[in-house]
Protein chains: 2
Amino acid sequence: MSDDTKTRILDAAERLFADAGIDATSLRAITAEAGANLAAVNYHFGSKEALVGEVYGRRIDPLNRERIDRLQMALRDAGDGVPSLPAIVEAFVAPAMLAMQDPDAGRSFIRLVGRAHTEASADVRRIVFTRFQDVALAFQKALARALPQLDRSTVQARFKFMIGAMAYAMTDPTACAGPSERDVHRSLDRLVRFLVGGLQAPTGEEK
Amino acid sequence: MSDDTKTRILDAAERLFADAGIDATSLRAITAEAGANLAAVNYHFGSKEALVGEVYGRRIDPLNRERIDRLQMALRDAGDGVPSLPAIVEAFVAPAMLAMQDPDAGRSFIRLVGRAHTEASADVRRIVFTRFQDVALAFQKALARALPQLDRSTVQARFKFMIGAMAYAMTDPTACAGPSERDVHRSLDRLVRFLVGGLQAPTGEEK
DNA sequence: GTCTATAGGGGGATAGAC
DNA sequence: GTCTATCCCCCTATAGAC
């Protein structure tokens with residue numbers, strides 16, 4: 001049983017951060033929600049910023065590992081040829097979208113991750129960006145292989161559009177409204193089709 | 001000359017909100033930056049929340065009017081036929097992207113607007129959403145006309161993906177790095193092509 | 001490990017002089 | 001309209017008892 005104080009604080013913080021934002025969530029609110037004492041946060045984590053890092057890391061690290069695993073499978077399938085664009089896109093967005101169904105992680109985590117990319121606080125952006133950098137590079141490289149007709153800066157720009165669309169889909173309450181598996185798969189399918197269409201759009205520069 | 005205290009406070013607040021986020025920006029920081037007194041905020045605006053509303057409204061309202069104007073021109077060009085998808089997309093994103101060049105509004109405003117769609121605070125979301133609702137409905141209707149092969153819920157979903165990609169492009173410091181007209185137009189062109197490709201992607205359901 | 005109590009700072013808002 | 005001074009609240013972090 002991992003229902004100890006530390007875990008309850010992480011769960012409460014995750015939920016409150018997702019609802020109201022990080023700045024607006026006080027340690028008092030977190031410990032009250034967790035049924036713990038105010039001092040417990042500093043005892044277990046050291047500071048609010050360290051707590052934020054653990055809230056993100058607990059979920060993001062496995063998520064990013066799954067992205068990399070799926071990407072490597074897609075690249076292995078392609079051998080020396082051009083890898084499948086939908087497979088790459090799905091490797092990137094599916095782990096996040098499917099996590100919506102996870103009753104443990106659940107919706108609040110997804111909104112939190114979605115928001116991570118746009119969070120105002122420079123501290124939070126740094127925390128998330130550090131954990132995301134390797135993933136971003138690997139996917140940009142794979143996208144460049146799958147889209148040989150695009151120059152590098154166009155691939156970078158389109159990769160960012162992809163992050164934006166995904167992040168927004170993740171924070172949108174109606175997009176992840178249904179906890180039903182059916183709804184989640186439909187949302188994922190829609191997102192992948194949209195992104196594939198956008199990524200392989202003509203640039204107006206090829207002959 | 002509108003370089004009065006009220007305007008200076010609005011300018012300073014806009015800049016600081018964009019840099020650090022709204023919650024993290026204190027009235028003390030704003031008045032210091034504006035060269036005004038702390039009490040001036042409550043004298044001119046009544047409260048911090050009212051100031052936030054004016055910071056957004058001052059820029060968003062003209063922006064949304066321009067979107068509607070451009071959309072109506074695109075729809076008029078189409079007559080009774082199917083309107084041009086790129087024209088609709090450009091009507092939506094161009095006013096925001098081109099505002100990056102405006103030396104008056106400038107970059108901080110754009111990042112602020114981009115962030116508005118993903119801002120954590122429920123108060124801020126309400127302020128922005130209220131001013132955005134009419135625009136969203138008009139564009140969803142136009143997109144449905146331009147994409148008759150898509151069902152309504154798919155159009156809604158794709159419209160949200162479009163907002164996400166645009167908002168992220170607006171907050172990304174490298175995307176709006178250059179104050180140069182050339183860079184801005186290239187960013188806009190890339191975004192429009194990506195979005196058009198995504199919006200008209202096949203759904204996998206048509207025969 | 002978990003509590004109470006409090007230090008120490010910063011926040012938004014306001015009263016009242018000028 | 002703009003200032004100073006201040007109220008009162010909530011925050012994070014910590015000290016020290018249990």
Side-chain angles (χ1 to χ4, degrees), chain A residues 1-58 112 115 119-128, chain B residues 1-58 112 115 119-128:
Chain A
M1 184 62 146
S2 68
D3 195 16
D4 57 2
T5 298
K6 192 169 175 179
T7 305
R8 288 204 319 278
I9 289 175
L10 283 171
D11 291 341
E14 181 176 274
R15 191 162 48 248
L16 294 171
F17 286 164
D19 284 343
I22 293 171
D23 276 355
T25 301
S26 68
L27 297 185
R28 284 173 169 76
I30 293 168
T31 49
E33 174 99 355
N37 187 274
L38 171 60
V41 168
N42 278 287
Y43 177 78
H44 286 288
F45 301 94
S47 70
K48 183 179 180 180
E49 186 175 333
L51 169 63
V52 172
E54 288 211 37
V55 166
Y56 273 105
R58 176 173 71 143
L112 193 59
R115 183 174 291 166
E119 184 71 38
S121 154
D123 287 338
V124 174
R125 281 199 307 266
R126 204 195 56 242
I127 289 170
V128 174
Chain B
M1 184 62 148
S2 67
D3 195 15
D4 57 1
T5 298
K6 192 170 175 178
T7 303
R8 289 204 319 277
I9 289 175
L10 282 171
D11 291 340
E14 181 176 274
R15 192 161 48 247
L16 294 171
F17 287 164
D19 284 343
I22 295 171
D23 276 355
T25 301
S26 68
L27 297 185
R28 284 171 170 81
I30 293 168
T31 49
E33 174 98 358
N37 187 273
L38 171 60
V41 169
N42 277 288
Y43 176 80
H44 286 288
F45 301 94
S47 69
K48 184 179 179 179
E49 186 175 332
L51 169 62
V52 172
E54 289 211 36
V55 167
Y56 273 104
R58 176 173 71 143
L112 195 59
R115 185 175 290 166
E119 183 71 39
S121 155
D123 287 338
V124 174
R125 282 200 307 266
R126 202 195 58 243
I127 289 170
V128 174

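Scope of the values below: all heavy atoms of this structure, side chains included, with no hydrogens, waters or symmetry mates. Quick note on labels: first sequence line is chain A, next is B, and so on, each numbered from 1.
Scanning atom types as modelled, no donor and acceptor separated by under 3.5 angstrom connect the side chain of B/Arg28 and the base of C/dG10.
In this structure, A/Lys6 satisfies the cation-pi test against A/Phe45, with its NZ or CZ atom closer than 6.0 Å to the six-membered ring centre and inside 45 degrees of the ring normal.
Summarising the geometry, the separation between CG on B/Asn37 and P on D/dT4 is reported as 6 Å, rounded to the nearest angstrom. The CG-C1' distance, from B/Leu38 to C/dA15, rounds to 13 Å in whole Å. Rounded to a whole Å, the CD atom of B/Glu49 is 19 Å from the P atom of C/dG11. Note: NZ (B/Lys48) to C1' (D/dC10) measures 14 Å, nearest angstrom. Per the geometry, CZ belonging to A/Phe45 stands 13 Å off P belonging to C/dG1, to the nearest Å. What separates CG of A/Asn42 from C1' of C/dC3 is a distance of 14 Å, to the nearest Å. Counting to the nearest Å, the C1' atom of C/dG11 and the CG atom of A/Asp23 are 13 Å from each other.
Closest to the side chain of A/Ala39, out of C/dA13, D/dA13, C/dC3, is C/dC3. Comparing C/dG1, D/dC3, D/dA13 by their nearest atom to the side chain of A/Tyr43 picks out C/dG1. Of the candidate nucleotides D/dA13, D/dC11, C/dA13, D/dA13 has the atom nearest to the side chain of A/Leu27.
Within 4.0 Å of B/Thr31, counting heavy atoms only, lies no atom of the nucleic acid at all. Across all strands, B/Ala40 comes closer than 4.0 Å to no nucleic acid atom at all (heavy-atom distances).
Between A/Glu14 and A/Leu10 there is no side-chain heavy-atom pair separated by less than 4.5 Å.
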